[in-house]
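For reference, the structure is listed below as structure tokens.
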Amino acid sequence: MTLIRWKPTHELAHWPSDLWNMQREINRVSDSFMQGGTQDDGSLALSMWTPAVDIVERENEYEVKVELPGVSKDDVKITLESNVLTIRGEKKQEREEKGENTHRVERSYGSFQRSFTLPTIVKRDKIDACYSDGVLAIILPKAEEAKPKQIEVKVK
Amino acid sequence: MAKKNEVALIRRGETALVRRADPKEELITAVCDIFEMPDAFVVKLDMPGSSKEGVSVTVESDILTVRGMVKSLHRETVSMLMREIVALSYYRVFNLGKGLNADRTQAEFEDGVLTLTIPKADNYKERRISIS
């Protein structure tokens with residue numbers, strides 16, 4: 001039997017690379033969560049930008065307003081799955097916007113996606129959307145059972 | 001030269017300034033893209049919620065000012081479940097410098113985007129000189 005001198009640093013030798021890989025994996029997962037939502041097939045989608053949204057609740061309806069300047073109406077898709085409203089689309093760059101002589105680019109391009117869970121049930125077949133002056137407005141009427149009701153109390 | 005809140009855009013010795021809105025005022029700096037065409041500069045500004053009637057473009061000597069009023073947002077007394085849209089009005093100033101024909105600026109407003117086409121002065125246009 002031979003005596004092997006214990007070297008504490010020996011065991012640690014494998015640590016840095018393992019930790020490094022783990023850190024990288026965590027960063028990768030958290031980055032993809034931060035940047036995108038999920039696609040229909042469950043895969044993570046990358047969102048290039050996040051349009052600003054206002055949601056208003058009225059007695060009989062919800063109104064969702066989304067700032068989408070320069071986005072074509074045909075490039076926006078609105079879906080409602082159970083109570084989750086999803087707005088996704090793409091802002092395409094025009095030919096001149098890809099030109100070589102670009103001096104300044106501050107506007108956002110690319111795909112976007114936003115999802116919201118509505119607090120009550122809405123009438124799926126009465127949802128109305130209109131796009132004007134760069135703002136998409138979606139009206140979602142509340143379902144009858146979700147509307148506030150007044151119950152008369154009879155006093156005997 | 002560029003002061004505070006101004007960004008210089010230098011091209012062939014000319015200075016074009018892009019001034020941002022004063023953060024103290026209730027103005028939003030409209031974000032813009034600037035492209036150079038052979039005979040004009042094209043400026044595109046995002047001004048969602050504004051309208052053709054609400055946008056004004058003024059030129060004073062070589063200072064071009066863009067303003068845009070936003071139509072009544074949800075100023076009603078309703079419950080807001082989410083509030084991210086902050087713009088009340090948009091503002092942006094461009095110092096065009098020499099070489100641009102600002103008086104012949106064309107403006108278009110579509111889908112919340114204001115497109116300004118500022119023609120270059122004739123003697124500033126790119127000219128190809130043929131080699132004999």
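Numbered from 1 within each chain, the chains take letters A, B, ... in sequence-line order.
- Within the 3.5 Å criterion, the main-chain N or O of Glu84(B) finds a donor-acceptor partner in the side chain of Asp54(A).
- Contact annotation for residues 116-131 of chain A against chain B (heavy-atom separation below 4.5 Å, listed by residue number): Phe116(A), Pro119(A), Tyr131(A).
- Ranking Ala52(A), Ser132(A), Pro69(A) against chain B, the residue ahead of the rest is Pro69(A), based on heavy-atom pairs under 4.5 Å.
- Note on Val43(B) and Val57(B): same hydrophobic cluster, where clusters join Ile, Leu, Val, Met, Phe, Trp and Tyr whose side-chain heavy atoms are under 4.5 Å apart, directly or indirectly.
- Heavy atoms from other residues, nucleotides or ligands lying under 6.0 Å from CE of Met69(B) number 12 at most.
- Here CE of Met47(B) is found 12.0 Å from CD of Glu67(A). Values are rounded to the nearest 0.5 Å.
- Rounding to the nearest 0.5 Å places CE of Met82(B) at 5.5 Å from CZ of Arg114(A).
- At a 4.5 Å heavy-atom cutoff, the contact between Ser50(B) and chain A is made by backbone atoms alone.
- Linking ILVMFWY side-chain heavy atoms closer than 4.5 Å, directly or via other members, places Leu80(A) and Val76(A) in a single hydrophobic cluster.
- In the hydrophobic cluster analysis, where Ile, Leu, Val, Met, Phe, Trp and Tyr join through side-chain heavy atoms closer than 4.5 angstrom, Ile139(A) is grouped apart from Leu85(A).
- Of the inter-residue distances, the one linking Lys91(A) atom NZ with Asp46(B) atom CG reads 4.0 Å to the nearest 0.5 angstrom.
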Applying side-chain contact (heavy atoms from CB on, under 4.5 Å), run through Arg107(A) and Val113(B) and close with a yes or a no. CA-CA 10 Å; Arg107(A) 298 158 75 222; Val113(B) 180; 3.4 Å; yes

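- The hydrophobic cluster containing Val135(A) does not contain Ile87(A), counting ILVMFWY residues as joined when their side-chain heavy atoms lie under 4.5 angstrom apart, directly or transitively.
- Atoms CG and NZ, from Asp111(B) and Lys73(A) in turn, are 8.5 Å apart once rounded to the nearest 0.5 Å.
- Between chain B and the residues Val64(A), Val66(A), Asp133(A), the largest count of heavy-atom pairs under 4.5 Å involves Asp133(A).
- Most heavy-atom pairs under 4.5 Å with chain B, from the set Val71(A), Leu68(A), Val53(A): that is Val53(A).
- Taking CD of Glu36(B) as the reference point, atom CZ of Arg104(A) lies at 14.5 Å (rounded to 0.5 Å).
- Taken from CD1 in Ile55(A) to CD1 in Ile85(B), the straight-line distance is 10.0 Å, to the nearest 0.5 Å.
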